[in-house]
Amino acid sequence: MLKGKVAVVTGGTRGIGYAIVKLYLENGAKVALFGSRQETVDKALASLKEENAEWEVIGDCPDLSDDKAVAAAIDKVKAAYGKIDILVNNAGISDSTPIDNYTAEQFTKVMNLNVNAIMNAVMPTVKIMKEQGGGCIINTSSMVSICGQTSGVAYPTSKSAVNGLTWSLARELGPSNIRVNAVAPGITRTDMVAALPDQVIQPLIQRIPLHRVGEPEDVANAFLFLASDMASYVTGEVLSVDGAMRT
Ligand code: NAD
């Protein structure tokens, strides 16, 4: 579904991002994955090469809060693969700090990675996509962008901002043939969720109409659809992949 395409995936070293990278490679794309540390980037690249030595995948670890570092990393991908068709802004941190314990620094830290870092990757990539006549951007939002959560107000706030950014960029970039969408996962079995004790996870599962948590692959499938030509008329969409838990 992605033969001949080039994708950049931030937060691609584990969890949902790693599942996206793997699915994109399986579908014929060349992929550049970004992670937070060289060590985890190398580990992810080794594990992908072990799966299939033919896959064309490279990695980098720019500080996503540094616009110049991100722009340089995006330029390196263009130099390596000649173009960028797909940008997946997936890196993110969650937060469950109760309001009484919040600091301005904590709020800013979450907003910086979950929102500002997306713009740092979008700005240089849009220039490349405009030059080449189009592309697509997919952001990772969250179910809580729609319904909120009981503590850690920065996280749903940041993800609601991701939705706003997605809708607005879709309007602004549509005339340049750049589609912009988001995926809003529900509870997904990544390291963070796997670490939760059974007495926490079981009541949550009862609240999910499909009676199970999502797998990273469930979420990656939505990223594949949105990146593919099958979604050629889909833009400005926030696609929920949450087993209807938000309802
Ligand atoms: P994860 O913690 O397993 O992976 C997060 C990724 O982001 C990692 O690859 C990590 O390297 C990267 N990252 C974190 N901090 C970074 C930083 N400062 N600089 C660069 N990269 C950084 O998380 P996940 O569960 O796979 O989450 C991926 C995305 O999905 C996030 O945006 C998250 O908010 C969103 N999400 C997750 C769930 C869930 O239940 N797991 C639900 C809804 C939304």
Side-chain angles (χ1 to χ4, degrees), residues 8-23 31-45 47-48 57 59-67 69-70 73-74 87-96 105-106 108-121 137-149 152 154-163 165-166 182-196 200-201 204-205 207-208 210 212-220 222-223 238-243 245-246:
V8 173
V9 180
T10 73
T13 56
R14 59 171 197 257
I16 292 169
Y18 184 84
I20 296 167
V21 170
K22 193 168 161 228
L23 192 60
V31 180
L33 66 85
F34 290 178
S36 48
R37 286 181 297 127
Q38 190 63 49
E39 195 187 330
T40 53
V41 167
D42 289 344
K43 195 170 153 224
L45 291 177
S47 141
L48 290 162
V57 55
D60 204 348
C61 52
D63 174 357
L64 294 180
S65 67
D66 177 343
D67 60 339
V70 179
I74 293 287
L87 169 66
V88 173
N89 292 301
N90 169 75
I93 38 170
S94 64
D95 182 29
S96 56
E105 287 75 21
Q106 176 65 4
T108 305
K109 183 179 165 200
V110 176
M111 293 300 285
N112 268 346
L113 183 66
N114 292 3
V115 185
N116 299 28
I118 293 185
M119 280 304 287
N120 290 342
I137 297 169
I138 314 171
N139 301 317
T140 307
S141 179
S142 167
M143 169 182 77
V144 300
S145 70
I146 299 158
C147 59
Q149 64 184 26
Y155 185 69
T157 303
S158 70
K159 294 299 187 178
S160 299
V162 169
N163 297 354
L165 197 140
T166 301
V183 174
I187 300 173
T188 311
R189 198 194 306 275
T190 59
D191 288 355
M192 186 180 70
V193 172
L196 293 174
V200 173
I201 203 76
L204 288 174
I205 288 175
R207 286 182 45 213
I208 304 172
L210 285 182
R212 67 173 179 87
V213 298
E215 300 298 330
E217 293 73 20
D218 292 317
V219 179
F223 280 87
V238 178
L239 178 55
S240 292
V241 183
D242 63 0
M245 189 181 178
R246 73 197 174 283

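Only a predicted model underlies this, so the values are computations on that prediction, with no experimental measurement involved. When a ligand or atom number is given, it counts from 1 through the structure's own listing order. Below, each value reflects all heavy atoms present in this structure, side chains not excepted, and no hydrogens, waters or symmetry copies.
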- Message: Can you confirm whether more than 12 heavy atoms, excluding those of E39, are under 6.0 Å from its CD atom?
- Response: no
- Message: When you compare the side chains of S141 and N163, does any donor N or O come within less than 3.5 Å of an acceptor on the partner?
- Response: yes
- Query: Looking at S158 and V110, what are the two nearest heavy atoms and their distance?
  - Reply: OG-CG1, 4.0 Å
- Item | Check: G92 main-chain N/O paired with N114 side-chain donor or acceptor under 3.5 Å | no
- Under 4.0 Å from ligand 1 - residues by heavy atom, chain and number: G11, G12, T13, R14, G15, I16, S36, L64, N90, A91, G92, L113, T140, S141, S142, Y155, K159, P185, G186, I187, T188, T190, M192, V193
- Who passes salt bridge (Lys or Arg N to Asp or Glu O under 4.0 Å) against D60, sequence neighbours left out? K76
- Note on the structure: Residues Y155 and S94: closest non-hydrogen pair is CD1-CA, 3.5 Å
